[in-house]
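Worksheet for the structure shown next.
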There are 2 protein chains.
Amino acid sequence: MTGWEDIRAEVLRRIRARDWPPGQVIPGEEALAQEFGVARATVNRALTALAEAGFLERRRKSGTRVAETPVRRATLDIPILRHEIEAQGRAYAFRLLDHRLMLPPLAVTTRLGLAPDQPMLWLETVHLADGHPHAHEARWLNPALLPDPCPDFSALSANEWLVRTLAFTAGDLAFLAEAAEGRVAEVFGVTAGAALLVMERTTWSGDQPITLLRLTHAPGHRVQMMV
Amino acid sequence: MTGWEDIRAEVLRRIRARDWPPGQVIPGEEALAQEFGVARATVNRALTALAEAGFLERRRKSGTRVAETPVRRATLDIPILRHEIEAQGRAYAFRLLDHRLMLPPLAVTTRLGLAPDQPMLWLETVHLADGHPHAHEARWLNPALLPDPCPDFSALSANEWLVRTLAFTAGDLAFLAEAAEGRVAEVFGVTAGAALLVMERTTWSGDQPITLLRLTHAPGHRVQMMV
DNA sequence: GAGTGGTCTAGACCACTAT
DNA sequence: TAGTGGTCTAGACCACTCC
């Protein structure tokens with residue numbers, strides 16, 4: 001019973017055991033297919049998967065070699081707060097603190113490539129787990145995308161409305177640390193200056209910006225990724 | 001000329017255009033193969049890729065459906081500090097601040113599953129970009145893995161030695177925010193309490209722990225991921 | 001039990017690139 | 001130009017899971 005996952009595992013074992021050390025060219029697909037007694041396509045499937053994971057580098061003609069720097073890629077499942085909290089067996093709720101049309105700071109319009117004199121929809125929300133503040137959300141929303149009677153974001157979270165309604169095609173995401181201040185410090189009940197973890201995210205629909213989101217987490221929060 | 005990437009693109013377009021809205025079951029592989037005029041395996045390749053990216057959910061018998069929550073996966077290329085800094089055209093250097101065998105705090109041994117009365121190698125390093133502090137590294141290293149004449153970590157960074165020497169099979173990674181204090185505050189020249197971004201990482205070789213690393217970034221640093 | 005995706009094969013041709 | 005990986009095909013059988 002030899003499947004492509006068995007072959008992937010065996011090749012990975014040889015890489016880790018240093019049978020095939022970093023930088024070394026490994027046997028070609030045809031040779032491995034003969035060794036394992038399978039079709040070349042099966043070997044190809046296994047090696048392609050290992051290359052996508054960053055263990056191998058493949059090039060036509062020159063062959064497949066072991067990557068110099070092993071596994072340097074991690075994946076993050078971007079949490080949907082409601083799911084994350086409910087998965088912990090806690091009750092999710094949110095409160096809309098503020099929402100209005102106003103002129104965004106220059107940093108925001110620059111980042112999104114919008115005209116600086118155009119008002120945007122500002123939303124400030126706190127997400128609660130069992131009634132305790134879990135994260136503070138500050139969001140700038142491109143008003144050009146909103147339907148005429150604006151959705152009631154105090155009943156449906158802006159994130160869920162966006163996900164259900166708009167097709168987004170690209171985005172980026174960054175982590176940073178920031179000192180608590182103003183309303184954020186107040187929400188979490190910490191003194192100004194406390195260190196908080198911020199996730200910043202922009203999303204786009206084609207070349208049209210949708211939203212810029214800053215999610216500030218409760219003190220001590222860790223964002224965990226698997227390697 | 002229709003290849004699997006064309007099919008992936010077309011299916012993704014239909015998902016984004018809401019031709020196939022979230023939750024809906026899409027046509028089976030056979031049907032799509034006929035529509036596009038290709039073999040079923042080609043359609044399978046395209047749909048498998050979209051499922052790995054989180055756009056589709058596939059199950060035998062019940063078929064393929066559009067994911068309710070689109071793209072919720074981001075990948076981080078774990079930076080090798082020297083490469084990251086040199087890629088910005090800046091000069092990399094590091095200074096070993098401290099290294100000695102000592103008893104780790106209980107939190108460390110618990111996390112790594114080691115005996116609490118066993119000393120570990122402690123390494124404290126600052127990484128410099130153009131002479132300015134870029135990150136502070138605090139590392140606990142399992143001494144059972146070290147060769148008898150301990151490598152000279154003031155000449156070769158511990159990270160690079162580990163990567164070259166040991167085969168690591170698993171690990172995890174977390175981001176958190178922390179207030180600067182003690183040596184870290186001193187290194188960055190900030191007042192105690194300043195918010196700093198910390199990346200914490202543990203690595204394993206089979207079931208043997210290798211190292212626990214805390215990388216504290218310079219004030220204002222952002223870790224960027226692509227979605 | 002039946003329908004769907006998951007995988008394998010043997011062979012073929014193509015695309016890229018080192019020499 | 002030649003060698004390697006990348007992809008496609010037509011057909012087959014298997015594995016899972018819903019009914």
Side-chain angles (χ1 to χ4, degrees), chain A residues 1-15 19-71 73 75, chain B residues 1-15 19-73:
Chain A
M1 304 295 117
T2 312
W4 71 270
E5 291 186 291
D6 300 303
I7 294 173
R8 179 183 59 180
E10 171 58 15
V11 170
L12 189 51
R13 192 196 61 73
R14 293 184 188 179
I15 293 170
D19 291 346
W20 294 334
Q24 183 165 114
V25 175
I26 74 172
E29 295 187 349
E30 197 63 60
L32 290 174
Q34 280 191 20
E35 183 196 331
F36 293 119
V38 299
R40 184 167 78 91
T42 306
V43 171
N44 182 282
R45 182 84 158 89
L47 298 187
T48 300
L50 286 168
E52 273 173 12
F55 290 103
L56 294 174
E57 284 164 7
R58 318 191 74 196
R59 229 175 309 170
R60 285 155 154 132
K61 168 75 179 175
S62 52
T64 300
R65 61 181 61 230
V66 180
E68 295 283 352
T69 53
V71 189
R73 203 159 295 154
T75 56
Chain B
M1 302 313 106
T2 311
W4 71 269
E5 293 187 288
D6 300 303
I7 293 173
R8 180 183 58 180
E10 171 58 15
V11 170
L12 189 51
R13 191 196 62 72
R14 293 184 188 178
I15 293 171
D19 292 346
W20 294 334
Q24 182 165 116
V25 175
I26 74 172
E29 296 189 346
E30 197 63 60
L32 290 174
Q34 280 190 22
E35 183 196 332
F36 293 120
V38 298
R40 185 168 76 93
T42 306
V43 172
N44 181 282
R45 182 86 159 89
L47 298 188
T48 300
L50 286 169
E52 273 172 12
F55 290 103
L56 294 175
E57 284 165 7
R58 319 192 74 199
R59 229 178 306 171
R60 287 156 154 127
K61 169 76 180 177
S62 49
T64 299
R65 62 182 61 230
V66 179
E68 295 282 353
T69 53
V71 190
R72 54 181 189 293
R73 206 157 293 154

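Naming convention: chains lettered A, B, ... in sequence-line order (proteins, then strands); numbering from 1 in each chain. Just so you know, these numbers come straight off a predicted model, no measurement behind them.
Arg45(A) places its CZ atom 18 Å from the P atom of dG5(D), with the value rounded to the nearest Å. Between Leu47(B) atom CG and dT7(C) atom C1' there is a gap of 15 Å when expressed in whole angstrom units. Distance Gln34(B) CD to dG11(D) P: 12 Å, rounded to the nearest Å. Arg65(B) has its CZ atom 13 Å from the C1' atom of dT4(C), to the nearest Å. The distance from atom CD of Glu57(A) to atom P of dA18(C) is 13 Å, rounded to the nearest whole Å. Between the P atom of dA2(C) and the CD atom of Glu30(B) lies a distance of 19 Å, rounded to the nearest Å. Distance Asp6(B) CG to dG6(D) P: 18 Å, rounded to the nearest Å. Rounded to a whole Å, the CD atom of Glu52(A) is 10 Å from the P atom of dG6(D).
Candidate nucleotides dC16(D), dT7(D), dT9(D) were compared by shortest atom distance to the side chain of Glu5(B), and dT7(D) ranks first. Ranking dG6(C), dA2(D), dC16(D) by closeness to the Glu29(B) side chain, first place goes to dG6(C). Comparing dT7(D), dA10(D), dA2(C) against the side chain of Trp4(B) picks out dT7(D) as the nearest. Of the candidate nucleotides dG1(C), dA15(D), dG6(D), dA15(D) has the atom lying nearest to any side-chain atom of Arg60(B).
Nearer the 5' end of DNA chain D, as judged by each residue's closest nucleotide, is the contact made by Ser62(A), out of Ser62(A) and Ala41(A). Comparing Ala39(A) and Thr48(B) along DNA chain C, the residue whose closest nucleotide (by nearest heavy atom) sits nearer the 5' end is Thr48(B).
Taking side-chain N and O atoms only, Asn44(A) has no distance below 4.0 Å to OP1 or OP2 of dG5(D). Side-chain N/O atoms of Arg58(A) include one lying less than 4.0 angstrom from OP1 or OP2 on dG6(D). For the OP1/OP2 pair of dG5(D) and a distance below 4.0 Å, the side-chain nitrogens and oxygens of Thr64(A) include at least one atom meeting the criterion. At least one side-chain nitrogen or oxygen of Arg59(A) sits closer than 4.0 Å to the OP1 or OP2 atom of dA18(C). Distances shorter than 4.0 Å separate some side-chain N or O of Thr42(A) from OP1 or OP2 on dT9(C).
Side-chain atoms of Glu35(A) and Glu10(A), non-hydrogen and from C-beta on, never get closer than 4.5 Å to each other. Considering only heavy atoms from C-beta on, Leu56(B) comes within 4.5 Å of Ile15(B) through its side chain.
For the side chain to side chain donor-acceptor pair (under 3.5 Å) test with Thr64(A), the passing option among Arg58(A), Gln24(A), Glu57(A) is Arg58(A); the others fail.
More than 12 heavy atoms of other shown residues, nucleotides or ligands fall within 6.0 angstrom of atom CZ in Arg14(A).
Under the 3.5 Å distance criterion, with hydrogens and angles disregarded, no donor-acceptor pair is assigned to the side chains of Thr2(A) and Asp6(A).
Put simply, the side chain of Arg40(A) and the base of dT7(D) share a donor and an acceptor less than 3.5 Å apart.
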